[in-house]
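Below: one structure, written as structure tokens.
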Protein chains: 2
Amino acid sequence: MTTKENAKSAPRPRGRPRAFDMETALDTGQRLFHASSYEAVGLAALTDALGVKPPSFYKAFGSKSEFFEQVIERYAQAALALDEILLPGRAPVDALAELLESAARTYARDPQRRGCLVLEAARGPDGDDSATHARRVANQRRDRIREFVARTHPERASAVTDFMASTMSGLSASAREGMDESRLLDVARTAVAGLKAQLGMD
Amino acid sequence: MTTKENAKSAPRPRGRPRAFDMETALDTGQRLFHASSYEAVGLAALTDALGVKPPSFYKAFGSKSEFFEQVIERYAQAALALDEILLPGRAPVDALAELLESAARTYARDPQRRGCLVLEAARGPDGDDSATHARRVANQRRDRIREFVARTHPERASAVTDFMASTMSGLSASAREGMDESRLLDVARTAVAGLKAQLGMD
DNA sequence: CATTTTCTTTAGTGGTCACTACAAAATCCT
DNA sequence: AGGATTTTGTAGTGACCACTAAAGAAAATG
């Protein structure tokens with residue numbers, strides 16, 4: 001309480017102020033990576049798009065893969081919010097059906113950024129940092145599905161989660177290859193029919 | 001009939017004979033690409049594994065992407081032969097169930113070469129030659145599935161084929177992320193339950 | 001034998017990759 | 001004003017990428 005301090009504004013740091021907004025940069029990076037892929041977006045293209053020279057980028061984010069880590073964490077938080085779909089008490093079949101259909105719609109929505117940024121990045125080279133981060137984020141979301149299903153169907157939770165994970169990967173891949181929204185929705189609905197066989201028809 | 005000619009052996013060509021076997025090279029290349037990916041196997045690693053220097057490789061195959069084109073054509077011919085599964089007269093649900101379960105087994109069989117070489121390559125950069133070739137080969141196989149289904153269910157053929165394509169991509173992706181054979185088989189069987197809803201229970 | 005043809009070898013090519021050493025510029029603190 | 005601190009722009013780094021020019025070596029042909 002010695003000097004003025006507001007809840008929001010951080011006290012101005014000491015040295016030269018950063019000349020660009022990191023959130024905007026993450027957003028631009030997300031668009032770039034989603035449009036093609038982590039590997040396909042070189043540092044030159046990235047820094048050009050951000051309007052930032054490489055040394056500034058590295059001061060701010062550490063490395064390309066650390067930048068990407070922040071990007072996918074942001075993306076996973078924003079896209080397909082599980083909280084709004086996996087509501088406690090809701091019938092799993094209904095919730096998972098909505099999740100698959102939402103995925104179908106989301107993956108085809110923007111023709112320039114098809115599929116799921118996380119799931120596509122998870123297919124990168126096995127030892128790569130970007131793929132490792134993406135798989136970690138994907139697995140966190142799968143854990144939430146498993147926990148949700150386990151509340152009502154503890155015995156089927158793992159099998160159902162595997163099926164959801166595989167189906168979402170398939171939807172993302174198909175979206176990337178150009179399958180449009182209505183076809184993806186048909187795929188999702190056929191998958192839901194499979195889910196009903198696992199979880200009961202309700 | 002002027003000189004000796006056998007049905008099998010081509011008459012020795014004129015210049016210095018090739019010092020390696022192209023079929024063996026394609027086979028080795030297939031293993032390498034399948035173990036990691038087209039992009040991850042550099043020309044140096046490739047030619048080292050083949051025991052062949054770059055200029056010989058280029059004389060024989062033209063380019064890395066042309067070599068890969070031959071590799072995936074070979075692979076598509078050998079793995080998961082559709083002729084043996086999509087038998088005319090067979091109930092589509094049965095045939096497609098066998099196809100999905102065979103895929104699950106095949107994709108997990110060799111822990112060092114998980115998933116489908118073609119489907120994984122089909123996810124490469126959009127403009128890339130390797131991805132273009134892989135998608136062409138994948139679509140040829142999807143056409144055969146569509147034709148097979150259309151014989152008995154012409155109205156559902158496209159939707160069923162989309163679901164098969166998406167599910168196979170999902171199985172391949174899951175295999176790549178480490179899902180073992182029994183889990184992949186469970187996923188395949190759940191997908192078959194979805195197929196039955198589309199094609200009738202039989 | 002010499003010539004022609006084809007492949008193999010040696011030794012590179014330019015291009016792109018992620019990343020950085022260094023010094024100038026912009027801010028805060030005393 | 002005079003440091004102290006942090007970010008900036010300039011200008012590169014070495015490593016790897018797919019690929020190749022040039023010359024030597026191995027075969028068939030004449």
- Item | Base D:dT8 to side chain A:Arg16, donor-acceptor N/O within 3.5 Å cut-off | no

Can you tell me if [X] touches the phosphate of [N], counting only side-chain N or O atoms and a distance under 4.0 Å to OP1 or OP2?
| X | N | result |
| --- | --- | --- |
| B:Arg18 | C:dC7 | yes |
| A:Lys53 | D:dT10 | yes |
| A:Ser56 | D:dT7 | no |
| B:Arg12 | D:dA28 | yes |
| A:Tyr58 | C:dC19 | yes |
| A:Ser63 | C:dA18 | no |

- Message: Between the side chains of A:Arg114 and A:Glu120, is the shortest nitrogen-to-carboxylate-oxygen separation below 4.0 Å, so that they form an ion pair?
- Response: no

- Query: Taking NZ, NE, NH1 and NH2 as the nitrogens, is one of them in B:Asp143 or B:Arg146 under 4.0 Å from a carboxylate oxygen of the other?
  - Reply: yes

- Item | Nearest listed nucleotide, side chain of B:Arg14, among D:dT29, C:dC19, C:dT8 | D:dT29

Taking any heavy-atom pair under 4.0 Å as a contact, classify [X]: base, sugar-phosphate, or nothing.
| X | result |
| --- | --- |
| B:Pro17 | sugar-phosphate |
| B:Lys64 | sugar-phosphate |
| B:Phe20 | sugar-phosphate |

- Query: Can you find a pair of side-chain heavy atoms, one from A:Asp162 and one from B:Ser174, that are under 4.5 Å apart?
  - Reply: no

- Query: Under 3.5 Å, is there a donor-acceptor pair between the B:Asn139 and B:Arg142 side chains?
  - Reply: yes

- Task: Please tell me which of B:Pro55 and A:Gly15 maps to the more 5' nucleotide of DNA chain D, matching each residue to the nucleotide holding its nearest heavy atom.
- Result: A:Gly15

